Each structure stands twice: as C-alpha cells, then as structure tokens.
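The next block holds one structure in the form of structure tokens; read it before the comments.
The structure displayed is predicted, hence computed values, not measured ones.
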Amino acid sequence: HQHDTTRLRESLSNSDRESARQLAHTLKGVAGTLGVQLVADAATRLDKVLRQEPEPEIGTLTEVIGEMDQALSALAEALEAIPDTRSGAS
C-alpha cells in the first residue's frame, strides 16, 4: 500500500471518487486488521469524507489525504527502524 495516496490522488484527478473511496475503505480494513491504528484512523476519515454528498471540497480532500500520507510515512519509518535479524542479513 506504499503508493496508495498517489493512486488516491490519481483517482480524484480523474473524477473517479468511487475508486478512491474503495481504496480508502480497503486500506482502512487492512490497517485495522494489522493493528496500525494511525493509518486505520486516517483511512476511516478519508472514506467518510469521500462518501459525503455533495462532493467534498478540494481543501478537505487535500487535508485528509495529507493525513494519510503522514500516517503511511510514519509506518514506513517505523518498519525501516526494525533491525533485520535474518541469518546472513547485513
């Protein structure tokens, strides 16, 4: 899911709000299953915003996608900080 925010932005720039919402919903489920609460919370908020009628303002979408970026970046940094303990790993 490393490139999910890029895919979200692409979907929204193509006026494909439903694809963006499905991606946010999937990410919400995966993050929740894995216990990555920061990502799950951001995805939940994005899913909720994308379900709004009328269509949410671009500023709101930009803010929520920014939160998703931050949450995924924090997760990536945390994962990179875990030492590789596999035999023969350098």
Side-chain angles (χ1 to χ4, degrees):
H1 294 280
Q2 179 180 2
H3 302 288
D4 280 357
T5 53
T6 300
R7 292 173 48 209
L8 283 165
R9 286 184 177 96
E10 288 171 356
S11 293
L12 292 170
S13 71
N14 293 325
S15 299
D16 189 357
R17 194 168 83 172
E18 182 57 24
S19 290
R21 193 205 59 75
Q22 288 176 354
L23 181 58
H25 185 81
T26 298
L27 187 56
K28 175 178 74 170
V30 169
T33 298
L34 296 175
V36 185
Q37 199 59 47
L38 186 63
V39 175
D41 290 347
T44 298
R45 182 161 182 237
L46 181 58
D47 184 40
K48 183 178 178 181
V49 166
L50 288 168
R51 290 177 186 268
Q52 290 178 355
E53 294 294 340
E55 190 168 316
E57 295 181 16
I58 191 68
T60 301
L61 287 172
T62 300
E63 177 185 326
V64 176
I65 291 173
E67 290 174 11
M68 179 72 65
D69 267 335
Q70 290 176 345
L72 289 170
S73 292
L75 175 60
E77 287 176 21
L79 292 173
E80 288 174 8
I82 298 171
D84 189 349
T85 57
R86 294 177 292 172
S87 178
S90 52

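- One distance of note links CG of L75 with CD of Q70; it measures 13.5 Å at 0.5 Å rounding.
- Remark: of the listed residues D4, T62, D69, D69 is the sole one forming a side chain to side chain donor-acceptor pair (under 3.5 Å) with R9.
- Partners of Q52 according to the side chain to side chain contact (heavy atoms under 4.5 Å, CB included) rule, which considers only residues two or more places apart in sequence or in another chain, are V49, P56.
- With rounding to the nearest 0.5 angstrom, the CE atom of M68 is 9.5 Å from the CG atom of L38.
- Considering only residues two or more places apart in sequence or on other chains, E57 meets the salt bridge (Lys or Arg N to Asp or Glu O under 4.0 Å) condition with none of them.
- Clustering ILVMFWY residues whenever any of their side-chain heavy atoms sit less than 4.5 angstrom apart, transitively, puts L27 in the very cluster that holds L79.
- When side chains are defined from C-beta on, I65 counts as touching L12, because their heavy atoms get closer than 4.5 Å.
- When the side chain to side chain contact (heavy atoms under 4.5 Å, CB included) test is applied to E55, the partners found at least two apart in sequence or on another chain are R17.
- Between R7 and E10 there is no salt bridge, since no side-chain N of the basic residue sits under 4.0 Å from a carboxylate O of the acidic one.
- With respect to the salt-bridge test (charged N to carboxylate O, under 4.0 angstrom), the residues D41 and R45 do not qualify.
- Closest approach of G32 to A40, counting heavy atoms only: N-CB, 3.9 Å.
- With hydrophobic clusters built from ILVMFWY side chains whose heavy atoms lie under 4.5 angstrom apart, I58 does not share a cluster with L46.
- Partner of K28 under the side chain to side chain donor-acceptor pair (under 3.5 Å) criterion, out of T33, D47, T44: D47 alone.
- With rounding to the nearest 0.5 angstrom, the CZ atom of R51 is 8.0 Å from the CD atom of E18.
- Heavy atoms only, all atoms of each residue included: L8 and A24 are closest at CD2-N, 4.3 Å.
- Using a 4.5 Å heavy-atom cutoff, the side chains of L50 and V64 are not in contact.
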